[in-house]
Amino acid sequence: MKIRWVGLASVLVSCGLLAGAREPNHAPEDGYELWLRYARVDDTARLGEYRAAIRELVLTPREPTMQAARDELVLGLNGLLGRPVPVADAPTRDGTLVVGTPANSPAIAALPLAAALREAGPEGFVIRALPVRGRHAIVVAANRDIGVLYGAFHLLRLLQTEAPLAALDVVSAPRYGLRLLNHWDNLNGTVERGYAGASLWEWASLPDSGHTRYRDYARANASIGINGTVLTNVNANSAVLTPAYLVKVAALARVFRPYGIKVYLTARFSAPIEIGGLPTADPLDARVRAWWAAKADEIYRAIPDFGGFVVKANSEGQPGPQDYHRSHADGANMLADALAPHRGMVMWRAFVYSNAVPSDRVMQAVDEFEPLDARRAFRANVLIQAKNGPLDFQPREPFHPLFGRMARTPLLMELQITKEYLGQDTHLVFLAPLWEEVLRADTYARGPGGRSDVEGRIRGLAGVANVGNDRDWCGSDFNQANWYAFGRLAWDPMLPSAAIAESWVRMTLSNDPQVVAPVVAMMLASREAAVNYMTPLGLAHQMARGHHYGPGPWVTGGRADQTSVYFNRADSIGLGFDRTPTGSNAVRQYLSPLRERFAGRDSLPDNLLLWFHHVGWSEHLRSGRRLWEELLAHYQAGVDTVRWMQRTWNGLEARVDADRFHRVQGFLRIQETEARWWRDASVLYWQSFSHLPLPPGYEASAHSLDWYRQLRCPPDPRKPRCDAVMEP
Ligand code: GCW
């Protein structure tokens with residue numbers, strides 16, 4: 001039997017990881033490897049178990065995706081087991097790992113896996129411990145090569161998290177077919193709301209330079225099941241649709257293809273004018289329709305598996321069909337017709353609000369899209385992409401009412417991985433609990449199969465990426481956890497946040513139980529901490545103008561529905577936006593009994609109180625405390641939780657490598673300073689309306705309200721942080 005040994009060095013080269021190659025134990029922990037570190041298993045009993053269970057790898061790497069699976073398994077197993085694993089054509093011994101599809105592996109074709117493979121579907125996989133040709137074996141099987149790759153990553157994850165392999169029996173299939181990253185990357189290399197350096201896409205050197213980083217990006221995405229990437233900003237530049245750029249896009253698509261990742265682009269609605277030389281972009285104009293159809297043909301000639309277009313139209317100044325008195329459906333359908341012959345999709349964003357300031361900005365999407373849905377106005381290959389909440393990626397919002405109101409049109413939920421409103425690169429905020437909250441929310445609309453949760457009504461997740469060209473990809477170690485969590489939830493939206501956090505910590509930081517438990521606890525507490533010190537009790541959009549970093553509850557002027565005062569409605573009587581029937585009546589967009597529940601002071605959860613109600617400063621809440629006291633308690637709880645996170649982290653110094661320990665410690669220091677900044681600036685501002693005193697013992701603010709109001713962040717649009725100014 002011929003056995004091929006795959007040298008570790010050559011695999012490292014082929015995986016593009018040599019830049020990070022280093023001596024074990026002497027490596028700078030710079031974050032480049034993300035959760036794919038493949039450090040040798042620490043626990044000796046587990047290591048022994050794994051070494052006995054996996055003594056050779058049987059896999060025939062004919063196609064690029066199978067080669068990717070082979071490369072990853074060899075890299076991962078060599079690292080985790082601390083010794084090379086030989087690759088064989090067929091099982092030669094006990095402890096064999098057999099990997100493939102019935103079509104490319106005779107050993108797998110002979111196994112009784114038909115029922116499990118049916119369950120796994122086109123992208124899923126089966127992992128089982130069972131005898132193969134009389135040998136003890138572990139099998140990773142799938143119907144298609146991409147399922148094999150996902151299964152390979154899953155198996156590696158089991159080893160990375162030191163899970164037992166005995167009696168392995170896994171069948172896994174993704175809940176959604178669309179698991180997408182949305183990059184808000186501009187062609188000039190900047191990233192809108194990016195806090196991790198410049199864009200990964202080096203347009204100037206494409207298509208010739210095949211940056212190894214592109215492949216590592218694809219590996220990271222495939223490891224969590226992401227299967228599509230929208231390369232460009234929704235505030236779009238039509239130049240990306242010109243031939244000069246399409247060859248560059250095609251080059252990226254070639255790198256991503258073996259990893260199951262399709263490429264999508266944003267389509268600027270006025271492209272027929274800007275790059276097509278037409279006098280109009282009217283979606284009902286025959287020349288415009290012909291131009292888009294020809295453009296789609298051209299794109300598919302260059303990129304045969306192109307995914308489709310994402311479109312932001314008639315929102316925040318972007319062009320759209322309403323410029324020609326046409327509807328969103330007219331616009332979306334025109335693009336859908338151009339893409340349909342190629343099986344491409346249109347993802348039409350519901351984040352619209354008109355240039356005329358409406359009575360309540362959060363109501364506009366339902367008002368625009370529900371009537372179109374009721375008329376079945378959209379083509380079958382159009383999806384409406386709505387943000388998780390009706391406003392804009394706030395620390396807490398109720399779920400978007402559109403998820404209960406669109407019965408006929410398929411929906412995508414857009415989540416923001418980059419933390420525009422949640423502390424950007426520095427604050428440790430783990431977002432899975434926020435996403436879990438909305439995915440599990442009940443819309444009270446009976447969907448397919450009688451389901452009424454938000455999750456049951458959507459076809460996929462689109463995550464606004466937090467990835468840039470910083471060495472650590474995401475601007476901080478803990479921001480990586482949000483990229484990871486997004487992918488895991490897009491595969492399985494019912495996965496609990498705690499399980500996601502635990503696997504990420506084990507893969508990324510340590511399997512030491514003395515590290516895992518406290519770090520998971522920090523992560524799970526972190527989102528509520530941010531809600532508390534930024535926008536407690538249902539407040540929203542109180543961030544500084546423009547860059548959205550730090551507090552600005554006083555922001556006014558300019559477009560009203562982009563200001564803080566529009567959303568907080570603070571006055572001498574109280575605080576909060578009345579969205580009940582006595583106010584904007586936005587509650588009417590939710591289905592019964594939710595609309596009544598949200599409208600009733602006694603039935604609404606306190607954590608959404610000021611989103612839906614204007615509440616008197618001295619009114620009693622259900623806790624028995626007055627609004628004023630409750631508000632102060634929440635701000636203080638936010639600061640206290642960050643301090644607890646600091647203490648918890650400080651206790652891990654001996655157990656975490658010095659690089660990451662000090663980086664995280666530094667960021668937590670910033671977060672504590674800025675949590676106080678948020679608390680003090682906000683409380684002083686509310687106090688200028690309530691005229692109520694701080695209770696005895698309440699931590700006094702370091703500065704006056706004026707001082708906070710005049711605080712200007714350093715003019716660094718990428719990291720507009722104020723700590724240097726605050727604490728000289
Ligand atoms: O969250 C807001 C951001 C804008 C963004 C817009 C959108 C891309 O502040 O930067 O534009 O939403 O989602 O379109």
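First listed ligand is number 1; within each ligand, the first listed atom is number 1.
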Legend entry - Candidate list Gln416, Glu192, Arg193, test side chain to side chain contact (heavy atoms under 4.5 Å, CB included), partner Val464, passing option: Gln416
Inset, instruction - Find all atoms of ligand 1 within a distance of less than 4.0 Å from any non-hydrogen atom belonging to His548, and give their numbers and elements. - result: 9 (O)
Legend entry - Criterion ring-ring contact (aromatic ring centres under 6.0 Å, His included) against Phe478, the qualifying member of Phe430, Tyr484, Trp483, Trp504: Trp504
Inset, instruction - Looking only at protein heavy atoms, identify the closest one to atom 12 (O) of ligand 1 and say how far it is in Å. - result: Lys387 NZ, 3.1 Å
Legend entry - N/O separation below 3.5 Å, Gln416 to ligand 1: no
Inset, instruction - Can you pull out the closest protein heavy atom to atom 9 (O) of ligand 1? Residue, atom name and distance to 0.1 Å, please. - result: Glu420 OE2, 2.6 Å
Inset, instruction - Indicate the ring-plane relationship of Tyr421 and His548, choosing parallel, tilted or perpendicular according to the 30° and 60° boundaries. - result: parallel
Legend entry - Residue Phe351 vicinity, atoms of ligand 1 by number, heavy atom under 4.0 Å: 6 (C), 7 (C), 12 (O), 13 (O), 14 (O)
Inset, instruction - May I ask you to check if ligand 1 and Glu414 share an N or O to N or O distance below 3.5 Å? - result: no
Inset, instruction - Would you mind checking which non-hydrogen protein atom is closest to atom 6 (C) of ligand 1, with the distance to 0.1 Å? - result: Glu316 OE1, 3.3 Å
Legend entry - Proximity winner for atom 8 (C) of ligand 1, if only heavy atoms of Asn182, Val464, Asn235 are counted: Asn235
Inset, instruction - Verify whether the ring centers belonging to Tyr217 and His183 lie closer than 6.0 Å. - result: yes
Inset, instruction - Considering the heavy atoms of Lys312, write down every atom of ligand 1 situated less than 4.0 Å from one of them. - result: 6 (C), 7 (C), 8 (C), 11 (O), 14 (O)
Inset, instruction - Kindly indicate whether a cation-pi arrangement holds for Arg527 with Trp435, taking the cut-offs as under 6.0 Å to the six-membered ring centre and within 45° of the axis. - result: no
Inset, instruction - Starting from atom 11 (O) of ligand 1, locate the nearest protein heavy atom and write down its residue, its atom name and how far away it is, to 0.1 Å. - result: Glu192 OE2, 3.1 Å
Legend entry - Short N or O distance, Asn233 and ligand 1, threshold 3.5 Å exclusive: no
Inset, instruction - For atom 2 (C) of ligand 1, grab the closest protein heavy atom and report residue, atom and distance to one decimal in Å. - result: Asp392 OD2, 3.0 Å
Legend entry - Test of ring centre spacing under 6.0 Å for Tyr635 and Tyr533: no
Legend entry - Step-by-step salt bridge (Lys or Arg N to Asp or Glu O under 4.0 Å) determination, Arg396 to Glu528: CA-CA 9 Å; Arg396 172 169 281 119; Glu528 203 60 36; 2.9 Å; yes
Inset, instruction - Step through it carefully: locate the ring centre of Phe577, locate the ring centre of His614, and say whether they are under 6.0 Å apart. - result: no
